[in-house]
Each structure stands twice: as structure tokens, then as C-alpha cells.
Amino acid sequence: HIMNRTIVVSGGASGIGAALTKKLRDCGDQVIVIDLADADIISDLSTSQGCDVAIEMISTRFPDGIDGFVACAGVGAHVEPKSKIDRINYFGAIRTIQGLRELVAAKQGAIVAVSSNSAHIDGLDETYLAALVAGDEASAKRFIDAQDPFTAGFNAYCGSKRALALWVRRVAPMYARDGIRLNAIAPGMVDTPLNRQAIDDPIFRESMLQNADSIPMGQGQPEMIADAIVFMLSKEARFMAGSVLFVDGAQDAESCPDRF
């Protein structure tokens, strides 16, 4: 189907974002990629200034609006400094979504936030999660900086993804009343450069390999997640709003079957 829409994808230079960008362009969409390199807009979304730059460039280029935005930029638990993880995965995601809200509303479009099936994981520190949900970036940083690398990475990654899913659920009704379908997708472990880097990290290698082995359908590929996002952006998903869609080869269903 030739779409001819304008879709903005953060983190579109690699992994899931790159697979999505290719699929959308193959459908005839104009895709604007935001990333640190190899992108239409070069910007660091781990800072409020970087988010503002990206939002301003998109607003200037598309004053009449955009048809969709996918907040796909993100980093894994192995990234240093650990406090950078939630700045990209959570604070950067919601800043860009909020900043592009009016442009998406102008076209009655859709927004997809990329969370993770680790949003359901047990053992997260509730104090840290509360700081994220409250938007208290300084307290979140202090909490992460005080922990050992593995615990910090675990809390920062899983916590940021849970907070993002919670935020989507809480604001989706308000967005829907503006004509915006806001949803989140919760992928399981897929074969991306980011995950390969985490596997190569001695601190996280064992837990990553155990995670991969626990997926009933085996590790996924970026295109599998991209296909689901293409649907979420499409008119076929026109009544889908406020959902968190798990695409993880039944891993979440196996680990917590009674939670949905």
C-alpha cells in the first residue's frame, strides 16, 4: 500500500528503528530519522536541549503537521554512565512525544513509544520508579549513581521502560481526545547491535544469555517488532489507543501469565 505519510522515527539509524524506517519507506512514507549519526536530524535526545533542537527542526520543516511519531531511541543496561539510560529511554521519549504532540494532532495521527517486556519484571526499586514517574530527574540520577553497575543498569533499563509504559497508559485518554492514538509496544529480546553489545559486556553477558534462552519462540529479529509498529501506525489500528502491546515470543506470558 502506498501511504505517502510523514513519519518521524527517533533512533531510526539502527536496530528496530532502522528496520521500521525501511519498511515505512518501502510503503511510500516519508520518514524523518532522529539519531546521533546517519540520520536526517542529528541530535542527542539524552538532553533536554537535544530534544528541543529535534522538535524545532521538525516543527519548522513540517508546520502543517506529521502523521506519526515513533519514540524508538533507547539504550541498554550496559551503557555508561548508567544515569544516561533513563535520560534517553524515559525522559527523552516523553519530551519528544510532548513536543511533537500538536504536530501529530494536526494530522490526527498516531504515536508509538517503544517500551520493553522487561517493564513487567519483578525486583525493580519502587523509590526509583516513583522518581521517574514524578519527573524527578535529579533524584533518579542520584539513585542510579549510588548503585553497583549491574543493579544500576537493571533498575535504569527496566525502570525506564516501565515508567514509559505507565506514562503512555496515563496520558493516552487525553491524547485520544485530541485525535491522537498513543500506544506503547513492549518488545522482547531481539537481535540488534545494542543487544549484541550487552551480550559482549562481561557484567551483563550471563543475564542476557539467560534471557535469550527463556524465550519460548527464541530470540526475535528487528523486523518482527517493526511489522507490529507498522500496524500500530496504520488505519487498521484506528481504534487502538492506550495499549501496551507485547511482542516477545510468549516470554511475558510464560513469566507472568496472570498479569496483563
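Numbering of residues begins at 1 and proceeds along the displayed sequence. No hydrogens, no waters, no symmetry mates; every other heavy atom, side chains included, goes into these values.
The CG atom of Leu124 sits 8.0 Å away from the OG atom of Ser118 when rounded to the nearest 0.5 Å. Considering SG of Cys256 and CG of Asp122, their distance stands at 7.0 Å, rounded to 0.5 Å. If you take NE2 on His78 and CG on Asn195, they are separated by 8.0 Å, rounding to the nearest 0.5 Å.
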Side chain to side chain contact (heavy atoms under 4.5 Å, CB included) evaluation trace for Ile16 with Val190: CA-CA 9 Å; Ile16 294 169; Val190 296; 4.0 Å; yes

Pair Leu166-Arg169, side chain to side chain contact (heavy atoms under 4.5 Å, CB included): steps then yes or no: CA-CA 5 Å; Leu166 287 171; Arg169 291 280 295 169; 5.8 Å; no

Asn211 vs Gln251, side chain to side chain donor-acceptor pair (under 3.5 Å): CA-CA, chis, key distance, verdict: CA-CA 9 Å; Asn211 185 23; Gln251 187 180 33; 2.6 Å; yes

Stepwise side chain to side chain contact (heavy atoms under 4.5 Å, CB included) test for Leu20 and Val230: CA-CA 7 Å; Leu20 173 64; Val230 169; 3.8 Å; yes

Side chain to side chain contact (heavy atoms under 4.5 Å, CB included) evaluation trace for Val9 with Ile34: CA-CA 6 Å; Val9 178; Ile34 309 169; over 6 Å; no

Evaluation steps, side chain to side chain donor-acceptor pair (under 3.5 Å), between Arg196 and Thr192: CA-CA 6 Å; Arg196 288 194 290 271; Thr192 63; over 6 Å; no

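A salt bridge is defined here as a Lys NZ or Arg NE, NH1 or NH2 lying under 4.0 Å from an Asp or Glu carboxylate O, and Arg25 with Asp40 meets this definition. We find that Glu236 and Arg238 are not joined by a salt bridge, their nearest charged nitrogen and carboxylate oxygen being 4.0 Å or further apart. Remark: Asp136 does not engage Arg142 in a salt bridge, criterion side-chain N to carboxylate O under 4.0 Å. Salt-bridge formation is detected for the pair Asp227/Lys23: a Lys NZ or Arg NE/NH1/NH2 atom is positioned less than 4.0 Å from an Asp or Glu carboxylate oxygen. Taking 4.0 Å as the cut-off between side-chain N and carboxylate O, Lys22 and Asp26 count as a salt-bridged pair.
Thr151 places no side-chain N or O within donor-acceptor distance of the main-chain N or O of Asp148, the cut-off being under 3.5 Å. Within the 3.5 Å criterion, the main-chain N or O of Ala13 finds a donor-acceptor partner in the side chain of Asp35. Remark: the backbone N or O of Met240 is not paired with any side-chain donor or acceptor of Ser243 at under 3.5 angstrom. Arg162 contributes a side-chain N or O that, together with a main-chain N or O of Ile121, makes up a donor-acceptor pair within less than 3.5 Å. In this structure a side-chain-to-backbone donor-acceptor pair under 3.5 Å is missing from Gln147 to Ile144. At least one donor-acceptor pair under 3.5 Å links the side chain of Ser43 to the backbone N or O of Gly50.
In this structure, the side chains of Ile229 and Val114 come closer than 4.5 Å at one or more pairs of heavy atoms. At least one side-chain heavy atom of Ser10 sits under 4.5 Å from a side-chain heavy atom of Leu45. Looking at heavy atoms from C-beta onward, Ile32 lies out of side-chain contact with Ile7 at the 4.5 angstrom threshold. Taking the side chain as every heavy atom from C-beta outward, Val75 and Tyr157 never approach each other to under 4.5 Å. In this structure the side chain of Ile85 never reaches within 4.5 angstrom of the side chain of Tyr90, judged on heavy atoms. Counting heavy atoms from C-beta outward, Asp86 and Phe91 have side chains that approach closer than 4.5 Å. In this structure, the side chains of Leu182 and Trp167 come closer than 4.5 Å at one or more pairs of heavy atoms.
When the shell of 6.0 Å around CD of Gln221 is examined, it contains more than 12 heavy atoms from other residues, nucleotides or ligands. At most 12 non-hydrogen atoms from other residues, nucleotides or ligands lie less than 6.0 angstrom from CG of Asp38. Within 6.0 Å of CD in Glu206 there are 12 or fewer heavy atoms belonging to other residues, nucleotides or ligands. More than 12 heavy atoms of other residues, nucleotides or ligands lie within 6.0 Å of NZ in Lys107, so this atom counts as buried by the packing criterion. Around CZ of Arg259, the count of heavy atoms belonging to other residues, nucleotides or ligands within 6.0 Å exceeds 12. Met217 CE: 12 or fewer foreign heavy atoms inside a 6.0 Å radius.
In this structure, the ring of His120 has its center less than 6.0 angstrom from the ring center of Phe246.
When all heavy atoms of Asn155 and Tyr128 are compared, the pair lying nearest together is O-CE2, 3.1 Å. Considering every non-hydrogen atom in both Ala39 and Val33, the closest pair reads CB-O, 3.4 Å. The two residues Asn89 and Leu164 make their nearest non-hydrogen contact at O-CD2, 3.7 Å. Scanning all heavy atoms of the two residues, the minimum distance from Asp248 to Pro187 falls at CB-C, 4.3 Å. Between Arg5 and Asp29 the shortest heavy-atom distance is NH2-OD2, 2.7 Å. Between Val247 and Ile225, the closest heavy-atom pair is O-CD1, 3.5 Å.
Taking Ile, Leu, Val, Met, Phe, Trp and Tyr as hydrophobic and joining them when side-chain heavy atoms fall under 4.5 Å apart, one finds Leu209 in a cluster with Phe150, Met189, Ile199, Ile203, Phe204, Met208, Ile215.
Take Arg181 and apply the side-chain hydrogen bond (donor to acceptor under 3.5 Å, both in side chains) test, not counting sequence neighbours, and it matches no residue.
Side chain to side chain, Thr47 and Asp44 fail the donor-acceptor criterion of an N or O pair below 3.5 Å.
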